[in-house]
Amino acid sequence: MPQRVMLEGAGPGAQVPAHLTRVPISLIGTDTDYSDKTVKGKVVRKGPLVSLASDNFILKTVIEEEDSPPKASSQNPSINVVLFGALAEDFSQAVNQGDLVVASGFTVGRSPTFNKDKLHPFNLLLSGDDACVYVSRPPPPPDPRSPPASRRSSEVPKTKAPKYTYSRLDNLKAGSVVNTYGVVVFFKQPFKSRGTDLCSTLKITDQSNQRVGCTVFCEKLEDHPKVFQVGDIVRLHRVKVRIFNNSVTLLNTFGFSVLAFDGAEGGSMEPRTSSRSFHLDQEDRRTVEELRSWTTSQGLLPPVPTTPLSAAQPKAYFDLTCQLLAKAPIDSSCTLLRVWDGTRCAHTLLKVMVEQNVTEGPSSFSQARESLIASVLVYDNHVESAEQLKPGDFLRIYNLRAISGSSKVPGRSQSEGEGVDHLLFHLHGGTAYGRGIRVLPENSQDVQELKRVMEAVPEEAEDDFSEQDDSLPMEVWSTPPESPVAETTESSTERSCGHDTQPVTLSELKRSDPGRVHHVRVQLRSYEPRRLHQALKLYCSKCTKMQDVPDDELVAGLFSEASQDPEPCTFPWWALSGRVLRSGDSSTFPRRSPSVHLSTQLLCVDKARELVFLMGSTLEETCRLAAGYQNIVPVMSSGGHMTLLDLSAPFLFRGRKRYYGCKRCSEVAVREPSIGVELIDEKIVAEALGVQLLQFVLLMKLELQDATDTLDVFLWRGAESFFGVSAEDVAANQEAQNRIRQTMDSLCPAGGSAGERPWMDLCLTAYRAEVEAGHNQTCYQIFQSTVTKPASTPSDGSTPTG
DNA sequence: GTTTAGGGTTAG
């Protein structure tokens, strides 16, 4: 089915020119001129679009040959393709995994990731005007969201980006289907319509000052706008303009999609959406920024998103951000939610008593915690949404009403101090004033803030989860595990936690509430990732985001981009500059020799070699030079000044170790570090450069089993002590990687039966976390447990045990 | 190729 991207057969100019001849992927090498050649393959992996400084991009993809002649090897040949600049941007927008692509105008380089991915010893590099990609897409199924318009026309048949145009709210033609941006001035959370769908209501505005109602009907909750407060910004695609009651309204239509953004200036640019293939470019970000500053100038943003319990007043309506601790049905039209937000209400909170054994979550808490817990009675239509909630969820309840405790409540209310100054809360039936409940994603700023407040609650109010619920059957906590082996059987791990908790079976553990610590005796059934280098991640302690370690192909591309076409550069006054003489090898890309810049201050104290700034070198050269200098900071010229490379590349090389910075949290400025007598290390360099240092961490998912059940658990914060290696060492040396490999092989021998897997004594914590957008789940992590019996170490460290 | 709702407090 023809698309507006450069599809083969979509029209003149879209065809691969006839004079080009195709080369099989398996024959790609460096000794050929590829100017009249093409390579064809299916996109089997499409990396993220990585933005570099000054509006430049890089993207890595893997294509696989589908129709290569049958060969001895069963696997189809595949190759890494690295795209630069506008081509990378267009490719990111126009091409999907599974598309068939033909590349031409490429050069061939050595693949720096070949040792790791074993794909192909060479890669294809596409940059400049000659490079282009022809795309064909397997015909069905048709995509209803096919882009409506194409970007600038170009002679060069490279992929064309689909381009959306956005209508202002004062320029909507009845009957047309439009895309638009707006600031939310009123909203209702999705509620059940009388038809088949959930219905959301929005009212949005923009710089035209028009206010336009918008109704969204979708069956699935996740397809609805994720609007959490007035002032949020939405980007709507494919809404139909209609007139109702002489006013313009918008209604979702086929191919509808929506992104929502925080409306505050300086807020996150991360859009909230369930759409897996949305596109967001520089222009979109600019539009959001413009709407944010306009919103601020108009005073549209509420000063505080919601009212804390500490400020709740009788009879007032307000929105509450809180955590659900427990819930219980009262009758068919009323459910009790027990919630807290870490603040103390100025009025005593009324506790609604319920029947025994109907409470989901603990039925009582420590006295200190009880005094902070509010009773929320939700009625009628909200009973159904309350059914979806789980204890531990973070909620926003809209249009909650504070009721003085003297009011009559269902169930029995605590008698002490009856009637005076006790508060409880009602969520009345209906959706007027946006009344409703929404689960907030765990990563949202508001939830992070809520958690900070809760964590600051004094200790005596904090031990609630260790306060045992008397109604819980005792055997849950005292029965020995139904392990097929006796307690005396050796364990290959050891707990160091010091908790005085009896081991439980996995099925018992699964029935317990989150927030507890458990001891288990289990075997390892399986684990992910199987390719252990993928267990290594980068973690930012500031924004708490985790990311993959960029692979060498991508990093090499960044170095190569940074050193092409060097601009004239003014070096900082404190830097002493010189050149590195290249060793003889001829590079694929002719380039100036790299330049080095030293701190004069360090030179004065004879520490010049301890820190050098290096400009114009390849990744390979930088690694070589890292052997001779303690700290190497790769730099480039941007706008005539010395700056760091894009933060997807390491900002510092120390021997074999590389250090990365957080893109979100760093404010980069190349400065001379202030020196004292101390050793210059990654922390000092990061601080001087305004880089928020990312930490290497290990993250694995283990599937545990015992006689009763299986359980997926994470090994993350406890991973280094579990394996007895540091993640930083794993990133830099093979021995540390082997140690993990051997440990996993010993705990879960390849092809081994359950009988061959050793038993492990582990300490687990259970907690609530968001696993998908808006969906919280109980997760488990291994803590304070150490492998005591790794497999016997073979003399050759690289050979797996078996 | 479009039913549902189309904002504006329950009344416990």
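Order of the sequence lines fixes the chain letters, A, B, ..., with proteins taken first and strands second; residue numbering starts at 1 for each chain.
A:Leu336 has its CG atom 14 Å from the C1' atom of B:dG12, to the nearest Å. For A:Ile397 and B:dT9, the CD1 to P distance is 21 Å, given to the nearest whole Å. Counting to the nearest Å, the C1' atom of B:dT9 and the CG atom of A:Leu377 are 17 Å from each other. Between the CZ atom of A:Arg211 and the C1' atom of B:dG6 there is a distance of 17 Å, given to the nearest Å. One atom, CZ of A:Phe187, and another, C1' of B:dA5, lie 18 Å apart when rounded to the nearest Å. Atom P of nucleotide B:dA5 and atom NE2 of A:His224 are separated by 13 Å, given to the nearest angstrom. Rounded to a whole Å, the CG atom of A:Asn381 is 16 Å from the P atom of B:dT9.
Glycosidic conformation at B:dG8 (O4'-C1'-N9-C4 for purines, O4'-C1'-N1-C2 for pyrimidines): syn, within 90° of 0.
B:dG6 sits 15 Å from B:dT2 when the C1' atoms are compared, rounded to a whole Å.
The backbone N or O of A:Asp197 lies less than 3.5 Å from a partner atom in the side chain of A:Ser193, making a donor-acceptor pair.
The line from CG of A:Leu336 to CG of A:Asp331 is 11.5 Å long, rounded to the nearest 0.5 Å.
In this structure, A:Phe217 counts as stacked on the base of B:dT4 under the 5.5 Å centre distance and 30° plane angle limits.
Using a 4.0 Å heavy-atom criterion, one finds that A:Asn399 contacts the bases of the nucleic acid, with or without backbone contacts as well. No engagement by A:Gly213 is indicated, since no non-hydrogen atom pair under 4.0 Å with the nucleic acid exists. Within the nucleic acid shown, A:Arg435 comes within 4.0 Å of at least one base atom, counting heavy atoms only.
The side chain of A:Tyr317 has B:dT10 as its nearest neighbour among B:dT10, B:dG7, B:dT2. Comparing B:dT3, B:dG8, B:dG12 against the side chain of A:Tyr433 picks out B:dG8 as the nearest. Out of B:dT4, B:dT10, B:dG6, the shortest distance to the side chain of A:His428 is found at B:dT10.
Residue order along DNA chain B, read from the 5' end via each residue's closest nucleotide, puts A:Leu251 first among A:Ala432 and A:Leu251. Checking A:Lys240 against A:Thr201, the closest nucleotide of DNA chain B that is more toward the 5' end is the one next to A:Lys240.
Considering only heavy atoms from C-beta on, A:Thr249 stays 4.5 Å or farther from A:Leu251 through its side chain.
A close approach under 4.0 Å does occur between a side-chain nitrogen or oxygen of A:Arg194 and OP1 or OP2 of B:dA5. In terms of phosphate contacts, A:Lys188 brings no side-chain nitrogen or oxygen within less than 4.0 Å of OP1 or OP2 of B:dA5.
Screening A:Tyr433, A:Phe187, A:Tyr317 for a ring-ring contact (aromatic ring centres under 6.0 Å, His included) involving A:Tyr398 leaves a single residue, A:Phe187.
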**Request:** Please lay out, stage by stage, how A:Lys46 and A:Asp99 fare under the test salt bridge (charged side-chain N to carboxylate O under 4.0 Å, His left out).
**Result:** CA-CA 10 Å; A:Lys46 182 184 154 194; A:Asp99 286 349; over 6 Å; no
